[in-house]
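Encoded as structure tokens, the structure appears first; notes follow it.
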Protein chains: 2
Amino acid sequence: MNGQRAVRITDVAREAGVSTATVSRVLNGLGSVDPELAARVRRAAEVTRYVPNPNGRALRRQRADVWAAIVSDVQNPFFTSLVTAVEHVAVRSGISVMLCNTDEQLDRERSYLTTAVAQRMAGVVVSVTSEATSDLSALLAAQVPTVVVDRRVHDFTGDTILLDNVEAGRLATEHLLELGHRDIMCLAGPSGVSTTEDRLQGVRQALTGAGLTLDPARMVRTDLKIDDAEAAVRAALADPRNHPDAIFAMNGPLTTGAYRGVQASGLRMPDEISLVGVDDDRWTQMVSPAVTLVAQPVEEMGTRAAERLVALAADPASEPVHLLLPPHLLVRGTTSAA
Amino acid sequence: MNGQRAVRITDVAREAGVSTATVSRVLNGLGSVDPELAARVRRAAEVTRYVPNPNGRALRRQRADVWAAIVSDVQNPFFTSLVTAVEHVAVRSGISVMLCNTDEQLDRERSYLTTAVAQRMAGVVVSVTSEATSDLSALLAAQVPTVVVDRRVHDFTGDTILLDNVEAGRLATEHLLELGHRDIMCLAGPSGVSTTEDRLQGVRQALTGAGLTLDPARMVRTDLKIDDAEAAVRAALADPRNHPDAIFAMNGPLTTGAYRGVQASGLRMPDEISLVGVDDDRWTQMVSPAVTLVAQPVEEMGTRAAERLVALAADPASEPVHLLLPPHLLVRGTTSAA
DNA sequence: CCGATGCCGGTAATCGATTACGCACAATCT
DNA sequence: AGATTGTGCGTAATCGATTACCGGCATCGG
């Protein structure tokens, strides 16, 4: 009932009959301490069930054993997989991960970045809300180890681990072109998000290679929400005499929405319309037809990012890494010849 | 390049020509301060771009503006929805949420609980790994506001917000019985998890009501993993002359696994076999046939839990709340008459 | 045998905020 | 007028850990 006061380092010191400095040295493995004393300290810590206060420690050390994982949508399996991968590495390093969900909102992102700096976090993995307006300079100024993943950021010179998004767009489009499709609808995100921008560029390259151009009327911007995508696809397929013969949905939620939109339209995949999605989520293999899509190596992205944070902690001056991971086209059931 | 030292409260005090005590009082709205001085302090905080150091603050206050959301599987949409709902409330209260993913492992849960106490967190929302062995007494002892959600815990007297799981099991089973099914396979979790235990109890009640009992051979324990469930269902359906005529999968991942298992078996739903799942995840409406399932009010669970944390912060002595939320049966395409 | 060198471990400063306490001065009461 | 009450603000203690610095002791070389 009555909240017993927590055990402090002083209590351990008293129990072991040494000073707090010695306790700290033993428990952190710094300096050198007589083995017999060290044993006594360790026993005392056991007995008293001592747990260091992270706030006191972080205050003094000017570094908290916490990483922030800042993502724009925790409901998107891509990001939960990413965070899970980061977390696996974190656990091994005795670090906690703070999940920061921005919901694609710049002000929430800003607030999390401020917190990360204020807390003197040991690292940040961030997929930004916008290439142009997101601003990571505070992290750099405060020398917080930072790895940008998934989406590019303007003016950021640190570590970045991205998918080769141009290649992803090209893979998807070339696949559709090879099947003979010419009228391809593209579902993209808002113009500030580098992933869909780059994928669009890949689309354009592929079209150009085939002597075609992207019809602006077939390019739809959405807020990366499932329902947006569904509505857009329903609208595009409403006119039976003038609808695209293929759709490229450029991320996970858009793929979900597009699939539902096609289902709602009554058109049959792949005979009457083809669909290429992105992200190999579980459901894409359970539906019928299964979704043809471009898969990203998510786990690798998360693991690499986390490992870079570990490396940056060891050597803050280490040369920034810029990785471009390869996408893979998985041909399944939603695409066929025109 | 050179990490400029962060702005401290002392800097604001100097800028405003007052003491740090006054700055603190103004910024926290405590005590009374001359309005003109207060204005000067606020301006100084603006100018210097002061951000309070949460570590210093937490150390002194013995309370950090952080909640822990401890769940067993971040990949499970049920939990991400839950966390999202919690987070919405947290943001409104100026609180950060630390995502703690236990992966169903007791030792990871223990470590997160220890961290929560050590950090003097402002609250914990937890779905435990096991009813019998999970131990939240440290939270009580340290008087950390705690709300248990989703799964029951032995010996915990604080706030709990659960689904009426017995009812959930009964709803599913009665639906199958009404359709004439008699040989029902149950996919449950490990025996320590109260959700599937309670749902099983509901199953038994419904069976008893119909003069039947649960065949132990038809009750399968899994680790709540998709692949486990898929394998179990494949095995159960392997013998064409002796397979159940209905399956009840007792949580989200098990439902996914069961669906895949049935697909792999080649049996047609709902004609040859019926399936009732749990959790109204997006994919359940996209597959064909769509999944008949018991839906939980996840958002409400998360929101209520978070609101209780807010209430407990205001009045730690407030009477514990014990909520039992109602499940809803959604009849879709995977069930039909035997 | 004496001074130099190192090793151990204790004392106290420090991180950045909050807050108990008390002083100075003004307002009110007798 | 003198005593009392109250208001506003600053000084300094405090939260719990880490670590710079220093003193004491043992060891070693000359």
Side-chain angles (χ1 to χ4, degrees), chain A residues 3-42 44-45 48-66 94 114-115 117-122 142, chain B residues 3-41 44-45 48-66 114-115 117-122 142:
Chain A
Q4 49 212 296
R5 193 170 206 68
V7 177
R8 307 179 312 278
I9 197 172
T10 327
D11 304 317
V12 180
R14 189 178 333 106
E15 173 77 20
V18 300
S19 75
T20 61
T22 301
V23 175
S24 175
R25 279 193 278 254
V26 171
L27 266 31
N28 293 302
L30 301 173
S32 63
V33 176
D34 183 287
E36 201 242 323
L37 264 198
R40 231 160 69 206
V41 167
R42 264 186 271 274
T48 55
R49 300 168 165 286
Y50 171 64
V51 179
N53 181 322
N55 298 312
R57 177 200 291 251
L59 180 59
R60 172 64 224 224
R61 279 213 187 143
Q62 296 283 52
R63 190 104 299 176
D65 291 337
V66 176
T114 305
T115 304
V117 172
Q119 292 245 30
R120 317 290 199 268
M121 288 195 182
Chain B
Q4 49 212 294
R5 192 171 208 69
V7 176
R8 305 179 314 277
I9 197 172
T10 327
D11 304 318
V12 179
R14 187 176 336 103
E15 173 77 20
V18 299
S19 74
T20 60
T22 300
V23 175
S24 175
R25 279 191 278 255
V26 170
L27 266 29
N28 293 302
L30 301 173
S32 63
V33 176
D34 183 287
E36 201 243 323
L37 265 197
R40 233 163 63 208
V41 167
T48 55
R49 298 167 168 284
Y50 171 64
V51 179
N53 180 322
N55 298 311
R57 177 201 290 252
L59 180 58
R60 173 63 224 224
R61 280 215 188 140
Q62 296 282 56
R63 190 103 303 172
D65 291 339
V66 176
T114 305
T115 305
V117 172
Q119 291 246 30
R120 316 292 198 266
M121 288 195 182

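First the proteins, then the strands, lettered A, B, ... as listed; each starts at 1.
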**Item:** A/Arg61/A/Asn28 under side chain to side chain contact (heavy atoms under 4.5 Å, CB included): CA gap, chis, key distance, verdict
**Value:** CA-CA 12 Å; A/Arg61 279 213 187 143; A/Asn28 293 302; 3.3 Å; yes

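Take the nearest nucleotide of DNA chain C for A/Leu37 and for A/Thr20: the residue whose nucleotide is more 5' is A/Leu37.
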Quick one: side chains of residues 30-39 of chain B, donor-acceptor pairs under 3.5 Å with protein atoms, not counting sequence neighbours, listed by atom name and distance.
residue, atom, partner, partner atom, Å
B/Asp34, OD1, B/Glu36, N, 2.7
B/Asp34, OD1, B/Leu37, N, 3.4

Listed pairs under 3.5 Å, donor-acceptor, residues 49-59 of chain B side chains, sequence neighbours left out:
residue, atom, partner, partner atom, Å
B/Asn53, OD1, B/Asn55, N, 2.7
B/Asn53, OD1, B/Gly56, N, 3.2
B/Asn55, ND2, A/Gln119, O, 3.3

Which donor-acceptor pairs under 3.5 Å do side chains of residues 7-17 of chain B form with protein atoms, sequence neighbours excluded?
residue, atom, partner, partner atom, Å
B/Asp11, OD1, B/Arg14, NH2, 3.3
B/Asp11, OD2, B/Arg8, N, 2.6

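When rounded to the nearest whole Å, the span between CZ of A/Arg14 and P of C/dT11 equals 14 Å. At whole-Å resolution of the value, CG in A/Leu27 and C1' in D/dT18 are 12 Å apart. Remark: C1' of C/dT18 and CG of B/Leu30 are 9 Å apart, rounded to the nearest angstrom. Summarising the geometry, the separation between CZ on B/Arg63 and C1' on C/dA17 is reported as 17 Å, rounded to the nearest angstrom. The separation between B/Arg25 atom CZ and C/dC21 atom C1' is 11 Å, rounded to whole Å. B/Gln119 has its CD atom 14 Å from the P atom of D/dG16, to the nearest Å.
Distances shown here put a side-chain N or O of B/Arg57 below 4.0 Å from the OP1 or OP2 atom of C/dT18. Contact annotation: A/Tyr50 side-chain N/O to D/dG16 OP1/OP2 distance is not under 4.0 Å.
Atom CD of A/Gln62 is separated from atom CZ of A/Arg120 by 5.0 Å, given to the nearest 0.5 angstrom. The CE atom of A/Met121 sits 6.5 Å away from the OG1 atom of A/Thr115 when rounded to the nearest 0.5 Å.
When distances are taken from the side chain of A/Asp34 to each of C/dC8, C/dT18, D/dG10, the shortest belongs to C/dC8. For B/Val18, whose side chain is taken as the heavy atoms from C-beta onward, the closest listed nucleotide among C/dT11, C/dG9, D/dG10 is D/dG10.
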List, with names and distances, any nitrogen or oxygen atoms from the protein found under 3.5 Å away from nitrogen or oxygen atoms belonging to nucleotides 13-15 of chain D.
residue, atom, partner, partner atom, Å
D/dT14, O2, B/Arg60, NH1, 2.8
D/dC15, O3', B/Gln62, NE2, 3.3
D/dC15, O2, B/Arg60, N, 3.4

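Applying the side chain to side chain donor-acceptor pair (under 3.5 Å) rule to A/Ser19 yields the partners A/Thr22; only residues at least two apart in sequence or on another chain are considered.
Counting non-hydrogen atoms under 4.0 angstrom, B/Asn55 reaches nothing in the nucleic acid. A/Thr22 comes within 4.0 angstrom of the backbone, heavy atoms only, and of no base. At a threshold of 4.0 angstrom between heavy atoms, the contacts of A/Val51 are confined to the sugar-phosphate backbone, with no base atom among them.
Overall, the helix from C/dC1-D/dG30 to C/dT30-D/dA1 carries an axis bend of 50° between its ends, with five pairs at each end and the value rounded to 10°.
In this structure, the side chain of B/Ser24 does not engage the main chain of B/Thr20 through any donor-acceptor pair within 3.5 Å.
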